[in-house]
Number of protein chains: 2
Amino acid sequence: MATIADVARLAGVSRSTASYALSGKRSISDEVRDRVRAAVSELGYTPNAGARALATSQTRVIGLFAQFLPDEFAPAMLQYMLGVSDTARELGYDILMVTDSDGPAALRRITDSRMVDGVVLLNIAEEDDRLPVLRAAKQPGALVGLPADCTGLDVFDLDFPEAGRLMVSHLAELGHRELVLVSQPRHVVERGGAYVWRLRNAAQEEAERRGVTLHAVHGSSSQPAIGQELSDLLDAHPGATGLLLNNEAAAAALPSVLHARGLNSPEHYSVIGRYSDEFGRTFSLPFSFIESAPDRLGSMAVRQLVRRIESPAGAEEPHVTRLITPELGDRGSTRPPRP
Amino acid sequence: MATIADVARLAGVSRSTASYALSGKRSISDEVRDRVRAAVSELGYTPNAGARALATSQTRVIGLFAQFLPDEFAPAMLQYMLGVSDTARELGYDILMVTDSDGPAALRRITDSRMVDGVVLLNIAEEDDRLPVLRAAKQPGALVGLPADCTGLDVFDLDFPEAGRLMVSHLAELGHRELVLVSQPRHVVERGGAYVWRLRNAAQEEAERRGVTLHAVHGSSSQPAIGQELSDLLDAHPGATGLLLNNEAAAAALPSVLHARGLNSPEHYSVIGRYSDEFGRTFSLPFSFIESAPDRLGSMAVRQLVRRIESPAGAEEPHVTRLITPELGDRGSTRPPRP
DNA sequence: CTGAAAGCGCTTACAG
DNA sequence: CTGAAAGCGCTTACAG
């Protein structure tokens, strides 16, 4: 493999000149620059990443921490990852993907060994045990998901309370008086998935404010189970005319549940889900939905991270917590209830 | 950040002794080893990955190349990735995830810069333009997917021809005389997805050998379209009693298509799909299926790669092409046709 | 059993 | 505008 010494020799210059000619960090005569470039392409020279990292303390690699938990919908996770990965590449960074089950240990290993310039964490829990490690690390960190304590980190998430209010107010204004909200499984909450109760509590409050009845329940995240649960729910609440779904598996199962009962949306039920457009397309879900914007959130996290990595000013800026405003994607699954 | 010089100083030994005490590459007195270990934990020392890579020419990182093409089913891709990632971690390697659309350029960048010790490629095309780059690289490469030319590479794939024969012979032996095989979209083939026609041609031959009629068609990979196509297919071939699905979207759509027509499997149609158990569970598909074993294939690829990376003997072993034998997962969706 | 030194391949002050 | 040299933090022959 060619080194910069080979390039320098072939171009008839010193190693430092070859290096500067390539980095552009000081002015170089056109003639020398051309000779160096010619040598580079003749030798097929690519800088050794380890040597460069050692010299500059920069790896141009971002660590991406994602856990594929059995009770979370894997394809949804993937959307966040691709948002991160695509934006990172666009900004000239590669992605070290970490899926270890022991998050804190893996995080310490990756940051302490200086394999990455910064880190993006997904699956954020309310009290996430990776956060103390991340705060102690020299590298900056960005989270997709809102923990209890955001100090020292940049945080990006959907505004789940606003999503809950939006779902309820939209149906309340159409005249619905009794709604059912199906959330993620209870153990997602127990594991620290705060977005579940953030949406639910806000929905509950909005319902009370508007004098609407809201039945808030947890649903399974696996297919056969959630189908039966949905069916039972419809039986249990015959007066309900609106369904709110903060649970991907429930959204995916609902069409066949309704179908099996000879019902449909919006005729018999107005329905609003919370998932990504991509998810809706994959499962051809006919429901209006609150866009969870995984790719946009992943992209925002990387951009902020890179700003901190690259600019000395950026590194000192106060940390941000940005909650993106939910938007309703209209697929025509809501209308006033039947009289 | 502590360096090995700090550790050596605190332990009162030379840097080389500290290094050897940690690597165990030469014998060290118990007392010195303990002092070094104590210094390491007191300082929280973690070796700098870049420096180590520079000194040893080993990064303990494996490159994972995956493309998320719009017409391939993303969750299925994810299963391969997790198979690779989990096994790599088990063997002490991290994963550099590369999703660039320009595969050859990204591959050259990653290998020439020595960011990785080896590479696993997914989405292999018949004439994959990444393969010449991989063969020219210093690092070993493993493929999940079978290209036209396997020289210089370790290759792992499902035995698709055998899968096709198995599907057909299973239904033929039950007495079915007219089958429909729904494959992936035509442009997957045009892009080089040889597994599509490998399965189809073998199925076709097996059908001829047994005097069974096989209608082989391409289906869409997106949900609303494939549903209509399946429905049209059933109309077009009223005599068909068996459905073979080498198309995830078709498998996911079939239950509701049958349901809408008041039909079910196995009563009206015997059905065999080709997908992973995980996929079947996610979509709660009630069909017997040929396991595509993405996690197993990913794992095999990494193990072989690591063997080549780590043992000088392994590096010289002849390259292998391993096609795993399809197995039928029985979910009771096949039976003899109705008289 | 241990240490002093060279070297991996870069970048970047320092000098001219 | 260019070069000689130091240094990033490791590992590993070489010597004792």
Side-chain angles (χ1 to χ4, degrees), chain A residues 1-37 39-40 43-61 109 111-117 138-139 310 312, chain B residues 1-37 39-40 43-61 109 111-117 138-139 310 312:
Chain A
M1 226 39 225
T3 70
I4 198 159
D6 299 321
V7 171
R9 202 173 307 128
L10 185 58
V13 298
S14 72
R15 278 155 58 214
S16 58
T17 298
S19 177
Y20 283 120
L22 293 175
S23 70
K25 288 193 182 168
R26 76 180 182 193
S27 40
I28 297 279
S29 68
D30 289 356
E31 194 229 326
V32 165
R33 193 200 327 278
D34 289 348
R35 286 216 311 272
V36 170
R37 291 209 178 134
V40 164
L43 296 169
Y45 168 73
T46 306
N48 179 299
R52 175 173 279 177
L54 187 56
T56 62
S57 312
Q58 293 238 322
T59 62
R60 298 203 74 86
V61 174
R109 181 168 58 80
T111 53
D112 283 4
S113 68
R114 294 288 152 85
M115 296 180 82
V116 299
D117 292 341
K138 301 288 165 288
Q139 297 95 330
E310 297 192 346
Chain B
M1 222 43 221
T3 71
I4 197 159
D6 300 321
V7 171
R9 201 173 308 127
L10 185 58
V13 297
S14 71
R15 278 157 58 214
S16 58
T17 298
S19 176
Y20 283 120
L22 294 175
S23 70
K25 287 193 184 170
R26 76 180 182 193
S27 41
I28 297 280
S29 69
D30 289 356
E31 194 231 325
V32 165
R33 193 200 326 278
D34 289 347
R35 286 216 312 273
V36 170
R37 289 210 178 133
V40 164
L43 297 170
Y45 168 73
T46 306
N48 179 299
R52 175 172 277 178
L54 187 55
T56 63
S57 311
Q58 293 239 324
T59 61
R60 301 204 71 87
V61 174
R109 181 168 58 81
T111 53
D112 283 4
S113 67
R114 293 288 150 84
M115 297 181 80
V116 298
D117 292 342
K138 301 289 167 287
Q139 296 97 330
E310 296 191 346

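Sequence lines set the chain letters: A, B, ... in the order given, protein chains first and strands last, and positions in each chain run from 1. Note that the structure is predicted; figures quoted are calculated from it, not measured.
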So which atom in A:V7 and which in A:A18 form the shortest heavy-atom distance, rounded to 0.1 Å? CG1-CB, 4.4 Å
Distance from A:R114 atom CZ to A:T111 atom OG1, nearest 0.5 Å? 8.5 Å
Among residues 13-30 of chain A, which residues get a heavy atom nearer than 4.0 Å to DNA chain D? A:V13, A:S14, A:R15, A:S16, A:T17, A:R26, A:S27, A:I28, A:S29
Nucleotide range of DNA chain C contacted by chain A, 5' to 3', under 4.0 Å to a heavy atom? C:dG9 to C:dC14
With A:D6 via salt bridge (Lys or Arg N to Asp or Glu O under 4.0 Å) - residues at least two apart: A:R9
Partner residues of B:S16 under the side-chain hydrogen bond (donor to acceptor under 3.5 Å, both in side chains) criterion, sequence neighbours left out: B:S14
Quick check for you: to the nearest 0.5 Å, what is the distance between A:R35 atom CZ and A:L10 atom CG? 10.0 Å
Within residues 48-59 of chain B, the residues having a heavy atom closer than 4.0 Å to DNA chain C are B:L54, B:A55
Can you list everything that forms a side-chain contact (heavy atoms from CB on, under 4.5 Å) with A:I28? Sequence neighbours excluded, please. A:T17, A:Y20, A:A21, A:V32, A:R33
Please name the residue in the list B:V13, B:V36, B:I4 that meets the side-chain contact (heavy atoms from CB on, under 4.5 Å) test with B:S19. B:I4
Salt bridge (Lys or Arg N to Asp or Glu O under 4.0 Å) against A:R109, all qualifying residues, sequence neighbours excluded: A:D100, B:D94
Distance-only donor-acceptor hits, side chain of residues 44-56 of chain A, under 3.5 Å, sequence neighbours excluded:
residue	atom	partner	partner atom	Å
A:N48	OD1	A:G50	N	2.8
A:N48	OD1	A:A51	N	2.9
A:T56	OG1	A:R52	O	2.7
A:T56	OG1	A:Q58	N	3.1
A:T56	OG1	A:Q58	O	3.4

Parsed dot-bracket for DNA chain C after applying the Watson-Crick and G-U rules with both distances under 3.5 Å and | for other-strand partners is |||.||||||||.|||
Go through the structure and list residues passing side-chain hydrogen bond (donor to acceptor under 3.5 Å, both in side chains) with B:R60, not counting sequence neighbours. B:E310
Contacts of A:T59 meeting side-chain hydrogen bond (donor to acceptor under 3.5 Å, both in side chains) (sequence neighbours excluded), chain-then-number -> A:D117
Once salt bridge (charged side-chain N to carboxylate O under 4.0 Å, His left out) is applied, what residue pairs with a partner in residues 19-29 of chain B remain, sequence neighbours excluded? none
